[in-house]
Number of protein chains: 2
Amino acid sequence: MKRTILLYSLALAALLFLLQWLQFGYIVRDLSLEFYLGVVAVVFTAVGIWAGLKLTKPKTKVVLQSNFIFNEEEYNRLGISKRELEVLGLMAQGLSNQEIADKLFVSLNTIKTHSANLFIKLDAKRRTQAVQKAKELGLIG
Amino acid sequence: MKRTILLYSLALAALLFLLQWLQFGYIVRDLSLEFYLGVVAVVFTAVGIWAGLKLTKPKTKVVLQSNFIFNEEEYNRLGISKRELEVLGLMAQGLSNQEIADKLFVSLNTIKTHSANLFIKLDAKRRTQAVQKAKELGLIG
DNA sequence: TAGACAATCATCCTTTTGGGTGAGGCTAAA
DNA sequence: TTTAGCCTCACCCAAAAGGATGATTGTCTA
């Protein structure tokens, strides 16, 4: 960054010097002032563009990992049912069994059964582990 | 984009016209040519920088989902300690409090305290929710 | 040096989770 | 039509997690 600023400063100084030289030189003595100014304008516009691009840090646009691809093979291989996957998803969102039961309009016991089956199929001992494994396997986003 | 080009063209035309006007006007008749040229250079440099930034498509540096960027701002804002973050990470891996305690060579009660503090700081009611929020905030991978 | 804070551990109590088992209803396939 | 699988629900018991509170130690820092 500092080097870029230095370079830009040097370039600007050189151009100003060049202007000075041209002004009293013999090369463009017969050219019209309008043309002269036009050249200056164009050159400095170019310098400005270059400087602007150099000086600004590249915008880092963080693309979130929203590109989740459902792993249907694993889903079928593990024999997980639709309802179980649904429970798994809500589980991953941090809901309790009771909250999941309320959301799906079923009893708490039903959710407990689903989760128990999930733990067996995912070979997990806890819901956090089940969620972690399910994310690794691409079953949930 | 097209509108930007049009705007830039108009601005350039306006500036050239201004130059023309200044050149034969009475305002800067007594100013030195060097000063005049300097102003032109500076103005067009600025225009160039602006145009350069506007015209170039924002450099989108796509960060793949695999590399996790730790969000230090959120980490500091929430006042989470090192040890708490450590516990949070192990929690996200699906470990139980007892397993975390064993891995960190501390007592189960210590882990419970850490997790309780985490839940307060993350505004979570359950460990699964804490993990989910922490992932959203970029505290864990 | 006093105060703030992180890390550690404890106790008591409640809630949630998980394991095991059984069972009825419903649907799709053999 | 019988079987298999899914969804549903229940009960009991044990383990884990969570809430509240207090306390000690060590390390910075104002």
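Computed from heavy atoms alone, side chains included, the values below leave out hydrogens, waters and symmetry copies. These numbers come from a predicted model, not from an experiment.
- Rounding to whole angstrom units, CD of residue A:Q98 and C1' of C:dT15 are separated by 11 Å.
- Side-chain contact between A:R126 and A:F119 is absent, with no heavy atoms from C-beta onward closer than 4.5 Å.
- Between B:Y75 and B:L85, the closest heavy-atom pair is CE1-CD2, 4.0 Å.
- Within 4.0 Å (heavy atoms only), A:N97 reaches sugar-phosphate atoms of the nucleic acid but no base atom.
- Base contact: A:T110 has a heavy atom under 4.0 Å from a base atom.
- The side chain of A:N109 places no N or O atom within less than 4.0 Å of a non-bridging phosphate oxygen (OP1 or OP2) of D:dC9.
- Residues A:K133 and A:L122 approach most closely at CD-O, 3.3 Å, considering heavy atoms.
- Criterion: ILVMFWY side-chain heavy atoms under 4.5 Å apart, direct or through other members. Under it, A:L78 and A:I120 are not part of a common hydrophobic cluster.
- Between B:Q129 atom CD and D:dA17 atom C1' there is a gap of 14 Å when expressed in whole angstrom units.
- In this structure, of C:dC9, D:dC6, D:dG19, it is D:dC6 that holds the atom nearest to the side chain of A:S81.
- With hydrogens and angles left out, the side chain of B:T113 and the base of C:dC9 share a donor-acceptor pair within 3.5 Å.
- The residue among B:K121 and B:R126 whose nearest nucleotide of DNA chain C is located toward the 5' end is B:K121.
- Between B:H114 and C:dA7 there is no side-chain polar atom (N or O) within less than 4.0 angstrom of OP1 or OP2.
- Between the CD1 atom of A:I111 and the P atom of D:dC9 there is a distance of 8 Å, rounded to whole Å.
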#### Entry: Derivation of the side chain to side chain contact (heavy atoms under 4.5 Å, CB included) call for B:R83 and B:V106
CA-CA 11 Å; B:R83 202 57 158 172; B:V106 293; 3.8 Å; yes
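- Looking at heavy-atom distances under 4.0 Å, B:S115 makes no contact with the nucleic acid at all.
- Side-chain proximity of B:S107 to the nucleotides C:dA10, C:dA7, D:dA17 is greatest for C:dA10.
- Distances were taken from every side-chain heavy atom of A:V106 (C-beta onward) to each of D:dC7, C:dT11, D:dC9; the shortest belongs to D:dC9.
- Atom pair B:R83:CZ and D:dT25:C1' shows a separation of 15 Å (rounding to whole Å applied).
- Following rounding to the nearest Å, B:I120 (CD1) and D:dG19 (C1') show an atom-to-atom distance of 9 Å.
- One interatomic measurement links the two molecules: CZ of B:F119 to C1' of C:dT16, which rounds to 12 Å at whole-angstrom precision.
- Residue contacts shown for B:K112 include a base, since a base heavy atom lies under 4.0 Å away.
- Atom CG in A:L108 sits about 9 Å away from atom C1' in C:dT17, given to the nearest Å.
- One atom, CZ of A:F105, and another, C1' of D:dC7, lie 17 Å apart when rounded to the nearest Å.
- Using a 4.0 Å heavy-atom criterion, one finds that A:S96 contacts the sugar-phosphate atoms exclusively.
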